[in-house]
Amino acid sequence: MKREYDVVVFGASGFTGEFVATEWWKKNKLGKYSWAIAGRSEARLNDALKSIKARLAKEGLSEDDLKTEVGLIVADVKDEASIARMCAKTRLVLNCVGPYRFFGEAVVKACVANGTHYLDISGEPQFMEEMVLKYNTAAEEAGVIIVSACGFDSVPADLGFLFCVQECKKRNAVCNSVESYLNLKGGAHGAHGNFATYECVVHGYSDINSLKYIRKQLEQKNTVKPVPVGKKLQRYQSMFLSPQEKKYSYLFPGADASVVKRSLQTFLERDSRQGAGSQSPQYSAYISFASLFYAFLFLFFGSIFQFFAKFDMGRKLLLRYPEVFSFGVFSQQRPKEEYLPESSFEMNMFVEAYSNELVQAQKDLSSVKPDVSFKASVKGPEPGYIATPIIIVAAAVCLLESKTNGKGVLTPAVAFEKSDLIARLQENGVTFNLL
């Protein structure tokens, strides 16, 4: 069925949404796809449109260069009818309205009901896993693709893991484990975090029991339990000096491990139905620090954060004074755009695998050291406002060109396993490399 629009960027009047709409317009400047921006206020959408045009003009693109007309849609998550109308008008919604635990489900529900594909930039495990529980079957039946974490959270980790597993196959080996180490690099003006991300983390810590309940329900649906290919991966629960990174590191508190685990379980279930065994690669995600001072600073502020997040009054203080509780990284104020290019990220991934010869020779590899190892990395610009728009826009083009895998509520690695998404990201500054 023909839709009025190919893409709607929902939440385009927010700062991140503006950047996503800007990136989409740049990539769609020849007008191949019809599109619109959507949000609660027509006035704010018009202001956002002016900001987007001004940003594009600074990059050398005039209105004459931008052939597409941009539609405006007023839609509010508190008005389900308006969300349904928005979803019915388009083939694909790019949802930039968070926190998703409060505002995401209404959009997912409407997309499934109206046969509309959906991508978002959520890094909230509870929201993502609850959407699997509630809407996966309905999305499969509707023939739509629902994919969260299509930004810095968690495409570098999820597709980086897939990249490593595929490289193992090229080397005639079976992947046993991947450990990722995230390095965030701020410029002269420091790092700048998205306040919505900070808000999501605050509420996430306050409701950890709900996440445990959701995961228990999802685990009951699994038909096969993963078993390591060989030697069990050592997982560090406290601060440690990484033997690979040569830096102090700690468990990454974001969604990466959760998303990769879902990808692994999905691949395992699929392979099991095709007659494969229950062996699956292992994954751990860490964050590394430039010095011991920054490592202890992270632990100090993290401990205070976790304590305050347990109580209603504490959460109110965390949200009222984000600069204080995040050492200036998060703020309710928009960061200055000219400072953003100073920041970047690098995710190093250390891979251990068993050669096919060793797998065939040894029935039990649980105490055998892997004989294949290599290092890969995913690098990109500032995570929240530059890399994230690049990633979700590239994913959107893949989806519109039907280069996706399966239907339902999927992870990025599952949805884009057979696509050219990694190649598209390579062309736009988010690179996947073997070192």
Side-chain angles (χ1 to χ4, degrees), residues 1-3 5-10 20 23-24 27-28 32-35 87 90-96 104 107-122 128-129 131-132 135-163 165-166 169 255 259-271 273-274 378 387-428 430 432:
M1 181 177 65
K2 178 72 174 175
R3 301 283 177 105
Y5 301 109
D6 293 306
V7 171
V8 168
V9 180
F10 181 48
V20 170
E23 180 68 18
W24 174 260
K27 293 297 178 288
N28 190 46
K32 181 177 181 180
Y33 299 108
S34 58
W35 71 292
C87 294
T90 184
R91 293 168 59 197
L92 169 63
V93 171
L94 307 184
N95 185 12
C96 304
V107 187
V108 171
K109 181 180 178 181
C111 280
V112 173
N114 287 278
T116 301
H117 300 305
Y118 169 100
L119 302 178
D120 72 34
I121 51 176
S122 169
M128 293 187 282
E129 295 177 34
M131 294 305 97
V132 177
Y135 297 102
N136 183 56
T137 300
E140 288 177 339
E141 292 172 350
V144 299
I145 294 172
I146 308 293
V147 187
S148 289
C150 276
F152 172 71
D153 290 312
S154 290
V155 165
D158 205 26
L159 263 68
F161 186 92
L162 181 64
F163 176 78
V165 171
Q166 291 174 340
K169 293 178 181 178
V259 173
V260 173
K261 182 179 179 181
R262 281 181 50 219
S263 295
L264 285 170
Q265 186 63 40
T266 303
F267 290 138
L268 183 62
E269 297 278 347
R270 180 192 66 188
D271 294 345
R273 287 194 296 270
Q274 296 173 355
V378 183
T388 287
I390 289 171
I391 293 168
I392 192 172
V393 166
V397 174
C398 284
L399 195 155
L400 290 171
E401 294 184 355
S402 300
K403 295 179 179 179
T404 49
N405 183 45
K407 306 295 180 185
V409 183
L410 310 174
T411 63
V414 173
F416 300 105
E417 177 191 12
K418 298 178 181 178
S419 75
D420 59 352
L421 179 54
I422 288 179
R424 290 181 182 276
L425 294 175
Q426 297 271 32
E427 294 171 358
N428 289 281
V430 178
F432 294 69

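All residue numbers refer to positions in the sequence shown, counting from 1. These figures come from a predicted structure and were not determined experimentally. What you see below is based on every heavy atom in this structure, not just the backbone, and it leaves out hydrogens, waters and symmetry mates.
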*By ring pair (Phe, Tyr, Trp, His ring centres under 6.0 Å), which residues pair with Phe161, not counting sequence neighbours?*
Tyr283

Report the distance from atom [atom1] of [X] to atom [atom2] of [Y], rounding to the nearest 0.5 Å.
{"X": "Gln166", "Y": "Ile422", "atom1": "CD", "atom2": "CD1", "result": "6.0 Å"}
{"X": "Leu94", "Y": "Ile392", "atom1": "CG", "atom2": "CD1", "result": "4.5 Å"}
{"X": "Cys150", "Y": "Leu399", "atom1": "SG", "atom2": "CG", "result": "8.5 Å"}
{"X": "Leu159", "Y": "Phe432", "atom1": "CG", "atom2": "CZ", "result": "5.0 Å"}
{"X": "Leu162", "Y": "Lys418", "atom1": "CG", "atom2": "NZ", "result": "11.5 Å"}
{"X": "Lys407", "Y": "Ile146", "atom1": "NZ", "atom2": "CD1", "result": "11.0 Å"}

Look at the side chain of [X] and the backbone N and O of [Y], then say whether any donor-acceptor pair between them is shorter than 3.5 Å.
{"X": "Asn405", "Y": "Val414", "answer": "yes"}
{"X": "Arg3", "Y": "Leu92", "answer": "no"}
{"X": "Asn136", "Y": "Gly408", "answer": "no"}
{"X": "Asn114", "Y": "Ala110", "answer": "yes"}

*Thr116 and Val8: side-chain contact (heavy atoms from CB on, under 4.5 Å), yes or no, with the steps?*
CA-CA 11 Å; Thr116 301; Val8 168; over 6 Å; no

Could you tell me whether the side chain of [Y] reaches within less than 4.5 Å of the side chain of [X], counting heavy atoms only?
{"X": "Pro156", "Y": "Ile391", "value": "yes"}
{"X": "Val144", "Y": "Tyr118", "value": "no"}
{"X": "Cys87", "Y": "Phe10", "value": "no"}

At their closest point, which heavy atom of [X] faces which heavy atom of [Y], and how far apart are they?
{"X": "Ala149", "Y": "Asp120", "result": "N-OD1, 3.3 Å"}
{"X": "Val430", "Y": "Ala387", "result": "CG2-CB, 4.5 Å"}
{"X": "Ala415", "Y": "Ile145", "result": "CB-CG2, 4.5 Å"}
{"X": "Thr411", "Y": "Val147", "result": "C-CG1, 3.9 Å"}
{"X": "His117", "Y": "Cys111", "result": "O-SG, 4.1 Å"}
{"X": "Asp6", "Y": "Arg91", "result": "OD1-NH1, 3.0 Å"}

*Does the pair Val9 and Cys96 meet the rule for a side-chain contact (heavy atoms from CB on, under 4.5 Å), with working shown?*
CA-CA 7 Å; Val9 180; Cys96 304; 4.2 Å; yes

*Look at the rings of Trp35 and Trp24 and say which category their plane angle falls in: under 30° parallel, 30 to 60° tilted, over 60° perpendicular.*
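It falls in the perpendicular class, over 60°.
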
*Can you tell me if NZ on Lys27 sees more than 12 non-hydrogen neighbours from other groups inside 6.0 Å?*
yes

*Sort and list the pairs that fulfil salt bridge (charged side-chain N to carboxylate O under 4.0 Å, His left out) and have at least one residue in residues 388-404, not counting sequence neighbours.*
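Sorted pair list: Lys32-Glu401, Glu401-Lys403, Glu401-Arg424, Lys403-Asp420.
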
_side chain to side chain contact (heavy atoms under 4.5 Å, CB included) involving Asp153 - partner list, sequence neighbours excluded_ =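 Partners of Asp153 under the side chain to side chain contact (heavy atoms under 4.5 Å, CB included) test: Asp256.
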
